[in-house]
Amino acid sequence: MMGFADILDDEEISAVVDFVLTTFVKNKGENTRYHIPENGWENHQQYAIAFPFARGEIKLDTPWEALTPEQRRGKTLFMTSCITCHDRARVDQEGAAWESRPVSIPRGAYSHRKDEQQEDVVTGATPYARHEIAPVIENLTAQERRGEQLYQDNCAFCHAADGSGKNWIGSFLEPHPRNLTDRQFISVMDRQKLLVAISDGLPDTTMPAWKSVLNSEDIEALAAYVEKAFFGPR
Ligand code: HEC
Ligand code: HEC
């Protein structure tokens, strides 16, 4: 059981506690619906060909030749996108019915943008996904727009597109990349300190010194964007 302190805030954790207490402890609820849009599952029905495997209606180790073409497609989908959670699917022969492999996120051609194709349902359902969406800001100056491009290309990888550092990679780095939207952090930061941090990096952390990669104009554009996008009104 991993800690959720870096993924959920206090309010969200107490909402989960309330939910678990009310639904399962007090009302003895058996299960609840997991596959809903709020959990990142838009249109669960589109995966219907894999349902028989998730529900145990078709055993996972049924010989391939015995499956219809549609069931084969269903099994393929199940093995790539569902088994990470549904690992108790029914089998005839006990023992591993699949080989585990490390999952990195986002996978394949997946995009968190709603208007682009969402092929990988596991990536879409991750709690990290919502931090991979850049804020939409109107009226950026030309300099800030340049900064946005530089930030999303070079910094979002660690600090998340929304500046929170609560994305997949950020959650694994120690120390975590700074949450650039944190009020405490913002209150002690100013343009000059930002420029120095970006230029020189931070010793003993993975924060790189960007002065060897970017010129001073780029670094100024980055600082301008970070302030505009993440610091908000002071
Ligand atoms: C991130 C974890 C996770 C992944 C990935 C996942 N499931 Fe589930 N699924 C659950 C949980 C938890 C439940 C049980 C809660 C419930 O009944 O809604 C469930 C229940 C179900 C059920 C029974 C309830 C229902 O909604 O009909 C089906 C069918 C199902 N999943 C299909 C799938 C398919 C198909 C995939 C892959 C495309 C998939 N699941 C991937 C977590 C997951
Ligand atoms: C490889 C991961 C990584 C990348 C890429 C990265 N950072 Fe960082 N950043 C970090 C880490 C880790 C910290 C330090 C957190 C700490 O000390 O608690 C940090 C700290 C910061 C800070 C806080 C500095 C301070 O004085 O507290 C700023 C501002 C910052 N990064 C901006 C950026 C910008 C802008 C970029 C892109 C040009 C960038 N970072 C790219 C990992 C990264």
Side-chain angles (χ1 to χ4, degrees), residues 23-24 29-36 38-58 73-89 103 105 107 118-129 146-161 163 165 167 169-182 184-214 218-227 229-231:
T23 312
F24 302 114
E30 271 183 25
N31 220 334
T32 182
R33 287 185 58 239
Y34 175 76
H35 290 293
I36 52 176
E38 289 79 357
N39 290 334
W41 291 86
E42 304 286 348
N43 186 12
H44 180 44
Q45 206 53 36
Q46 68 186 302
Y47 311 118
I49 48 170
F51 287 4
F53 297 93
R55 295 193 175 124
E57 293 157 5
I58 302 177
R73 279 187 284 121
K75 181 175 174 180
T76 306
L77 174 63
F78 184 80
M79 297 304 280
T80 53
S81 294
C82 318
I83 199 165
T84 36
C85 296
H86 288 275
D87 62 346
R88 296 286 180 275
V103 177
I105 289 183
R107 308 188 306 179
Q118 317 236 331
E119 279 177 4
D120 186 336
V121 289
V122 178
T123 313
T126 160
Y128 306 107
R146 168 91 185 122
E148 178 182 44
Q149 175 92 46
L150 287 163
Y151 178 88
Q152 298 301 341
D153 288 351
N154 299 288
C155 321
F157 178 73
C158 289
H159 286 276
N167 53 335
I169 296 291
S171 304
F172 283 87
L173 294 175
E174 277 300 336
H176 298 314
R178 184 83 69 222
N179 176 352
L180 302 172
T181 67
D182 179 75
Q184 173 67 31
F185 163 72
I186 293 168
S187 70
V188 299
M189 262 298 161
D190 56 30
R191 178 66 65 93
Q192 194 50 36
K193 287 185 191 160
L194 262 183
L195 293 173
V196 172
I198 300 170
S199 300
D200 297 344
L202 292 180
D204 303 324
T205 79
T206 48
M207 171 66 187
W210 291 92
K211 66 180 172 208
S212 45
V213 188
L214 302 173
D218 287 341
I219 291 175
E220 273 158 32
L222 272 166
Y225 173 73
V226 167
E227 282 189 3
F230 306 131
F231 286 13

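As the structure lists them, so they are numbered: ligands from 1, and atoms in each ligand from 1. In this text the structure is predicted, and so the values were computed from the model without any measurement. Computed over heavy atoms, backbone and side chain alike; hydrogens, waters and symmetry mates excluded.
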Task: F185, portion touching ligand 2 at heavy-atom distance under 4.0 Å - done: side chain
Open item on the list: List ligand 2 atoms under 4.0 Å from L222, heavy atoms only on the residue side.
Closed with: 38 (C)
TODO: Kindly say whether the aromatic ring centers of F51 and H86 come within a distance under 6.0 Å.
DONE: no
Open item on the list: Which of the numbered atoms in ligand 2 are under 4.0 angstrom from any heavy atom belonging to N154?
Closed with: 5 (C)
Open item on the list: Tell me the protein heavy atom at minimum distance from atom 29 (C) of ligand 2, and give that distance in Å.
Closed with: L194 CD2, 3.3 Å
Open item on the list: Show the atoms of ligand 1 that are less than 4.0 angstrom away from any heavy atom in W41.
Closed with: 4 (C), 5 (C), 6 (C), 39 (C), 41 (C)
TODO: Report, in ascending order of atom number, the atoms of ligand 2 lying under 4.0 Å from any heavy atom of L180.
DONE: 28 (C), 29 (C)
Task: Heavy-atom check, side chain of Y225 versus side chain of F230, under 4.5 Å - done: yes
Task: Distance below 2.8 Å from atom 8 (Fe) of ligand 2: protein N/O/S atoms - done: H159 NE2, M207 SD
- [ ] With heavy atoms of W210 as the reference, note each atom of ligand 2 found under 4.0 Å away.
- [x] 5 (C), 36 (C), 37 (C), 38 (C), 39 (C), 41 (C)
Task: Residue portion contacting ligand 2 (non-hydrogen atoms closer than 4.0 Å) for I169 - done: neither
Open item on the list: Does any part of the side chain of H159, heavy atoms only, come nearer than 4.5 Å to the side chain of M207, both counted from C-beta?
Closed with: yes
Open item on the list: Does ligand 1 come near enough to Y34 that some N or O of the ligand is less than 3.5 Å from an N or O of the residue?
Closed with: yes
Task: Proximity winner for atom 26 (O) of ligand 2, if only heavy atoms of H176, Q152, M189 are counted - done: M189
Open item on the list: Evaluate R55 for polar contact with ligand 1, using N/O atom pairs at a separation under 3.5 Å.
Closed with: yes
Open item on the list: I'd like to know if atom 8 (Fe) of ligand 1 has an N/O/S atom from C82 within less than 2.8 Å of it, counting both backbone and side-chain atoms.
Closed with: no
Open item on the list: Quick check on contacts: which atoms of ligand 1 are under 4.0 angstrom from a heavy atom of A50?
Closed with: 35 (C)
Open item on the list: Is there a side-chain contact between N179 and F185 in this structure, where contact means two heavy atoms from C-beta onward sitting under 4.5 Å apart?
Closed with: no
